Amino acid sequence: MEILSVQPFLQYFGNVRERTMKVARRVPADKIDWSYAPGKFTLGDLLRHIAIAERYLFAENIRGNPSRYTSHGQEFGQSHQEILALMERLHAESVEIFSQLTDSSLQEKCVNVGGTEITRWKWMRSMVEHEIHHRGQLYLYLGLLAIDTPPLYGLTSEDVRARGKA
């Protein structure tokens with residue numbers, strides 16, 4: 001998928017974020033520090049990482065600056081409510097940065113966190129893929145905890161199978 005225009009991208013990315021937030025809101029407050037193994041992302045780490053990487057890594061690179069991502073630790077928010085507020089605030093800041101891009105600037109290069117030049121729209125696409133990857137981890141973590149998760153597009157896999165015809 002090539003991103004040719006800023007406004008349709010912002011609408012698409014807003015929809016992606018809303019699906020992520022539906023899962024994030026299902027995290028029980030008492031499980032925010034849960035992980036499946038020592039030393040691995042906790043649920044809170046995953047949520048903070050999504051927010052901080054978007055704003056301080058991707059958005060900074062996209063506007064021509066080096067990454068400012070140094071941590072996804074609890075200093076950015078400890079409680080579930082603090083982390084959700086962080087996600088909302090940093091996403092709004094990122095959207096403001098992306099809103100200042102022009103359609104033609106999407107074809108310009110930026111330097112990613114690895115030091116590689118990449119076309120802006122491709123780095124923006126990577127940002128969306130990054131979020132979706134970690135949303136998948138949230139679904140898995142919540143599944144391991146036997147916590148119901150929202151269907152991605154309104155139907156569960158059971159609903160889809162029930163509607164299928166052999």
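Because the structure is a prediction, the values reported are computed rather than measured.
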Give a yes or no answer on whether the side chain of Arg120 reaches the backbone of Cys110 with a donor-acceptor pair at less than 3.5 Å.
no
Let me confirm one number: the CD1-OG1 distance from Ile83 to Thr42, rounded to the nearest 0.5 Å.
7.0 Å
Is the shortest side-chain heavy-atom distance between Met21 and Glu88 below 4.5 Å?
yes
List the atom of Ser99, the atom of Val6, and the distance in Å for their closest heavy-atom pair.
CA-CG1, 4.4 Å
Ignoring hydrogens and angles, tell me if any N or O in the side chain of Ser35 forms a donor-acceptor pair with the backbone of Pro38 under 3.5 Å.
no
Any donor-acceptor pair under 3.5 Å linking the side chain of Arg125 with the backbone of Met1?
yes
To the closest 0.5 Å, what do you measure between CG (Leu43) and CZ (Arg48)?
10.0 Å
Nearest-0.5 Å distance that lies between atom CD1 in Ile132 and atom CD1 in Ile50:
10.5 Å
State, without any angle test, whether Arg135 and Thr20 hold a side-chain donor-acceptor pair at a distance under 3.5 Å.
yes
Spell out, yes or no, whether Leu101 and Leu4 are grouped together once hydrophobic residues are joined by side-chain heavy atoms under 4.5 Å, including indirect joins.
no
Starting at CD of Glu129, measure out to CE of Met127 and round the result to the nearest 0.5 Å.
11.0 Å
Hey, mind stepping through Gln7 and Ser5 against side-chain hydrogen bond (donor to acceptor under 3.5 Å, both in side chains) and telling me if it holds?
CA-CA 6 Å; Gln7 289 308 313; Ser5 182; over 6 Å; no
Within this structure, what is the CG-CD1 distance for the pair Leu47 and Ile52, rounded to the nearest 0.5 Å?
10.5 Å
Hydrophobic cluster membership, with links at side-chain heavy-atom distances under 4.5 Å among I/L/V/M/F/W/Y: are Met87 and Val23 in one?
yes
For a 4.5 angstrom cut-off between non-hydrogen side-chain atoms, does Pro28 reach Ile147?
yes
Should the ring pair His130 and His134 be called parallel, tilted or perpendicular, given that the plane angle runs from 0 to 90° and is split at 30 and 60?
perpendicular
Identify the heavy atoms of Asp33 and Gln74 that sit nearest to each other, and give their distance.
OD1-NE2, 3.0 Å
Do Ser94 and Arg55 have side chains that approach each other closer than 4.5 Å (heavy atoms only, starting at C-beta)?
yes
Going by an N to O cut-off under 4.0 Å, is there a salt bridge joining Lys122 and Glu2?
no
Closest approach of Leu106 to Ile3 (non-hydrogen atoms, all atoms of both residues)
CD1-O, 3.7 Å
CG/Leu138 to NE2/His133 distance, rounded to the nearest 0.5 angstrom?
10.0 Å
Is it true that atom CD of Glu18 has more than 12 heavy atoms of other residues, nucleotides or ligands lying nearer than 6.0 Å?
yes
Heavy atoms of other groups near Arg163 CZ, more than 12 under 6.0 Å:
no
Answer whether the closest heavy-atom distance between the side chains of Ile32 and Gln78 falls below 4.5 Å.
no
Would you find more than 12 non-hydrogen atoms of other residues, nucleotides or ligands less than 6.0 Å from Asp30 atom CG?
yes
Result for ring pair (Phe, Tyr, Trp, His ring centres under 6.0 Å) between His49 and one of Phe41, Phe76, Tyr56 points to Phe41
Any carboxylate oxygen within less than 4.0 angstrom of a Lys/Arg side-chain nitrogen, looking at Arg63 and Glu93?
no
Please check this pair: side chain of Ser79 against backbone of Glu82, looking for a donor-acceptor N/O pair closer than 3.5 Å.
yes
Please tell me whether Leu152 and Tyr12 are part of a single hydrophobic cluster in this structure, the criterion being side-chain heavy atoms less than 4.5 Å apart.
no
Using a 3.5 Å distance criterion without hydrogens, assess whether the side chain of His80 forms a donor-acceptor pair with backbone atoms of Ala24.
yes
Nearest heavy-atom approach of Val113 to Trp123 is N-CZ2, 4.1 Å
Could you check whether any side-chain N or O of Tyr69 sits under 3.5 Å from a backbone N or O of Glu54, counting only pairs where one atom can act as donor and the other as acceptor?
no
When hydrophobic residues are tied together by side-chain contacts of less than 4.5 Å, even through go-betweens, does Leu10 share a cluster with Val16?
yes
Mind checking whether Trp121 and Gln107 have side chains closer than 4.5 Å, heavy atoms only?
yes
Assigning hydrophobic clusters by single linkage (Ile, Leu, Val, Met, Phe, Trp, Tyr; side-chain heavy-atom cutoff under 4.5 Å), is Val160 placed with Tyr139?
no
Can you tell me how the ring of Trp34 sits relative to the ring of Tyr141, calling it parallel under 30°, perpendicular over 60° and tilted otherwise?
perpendicular
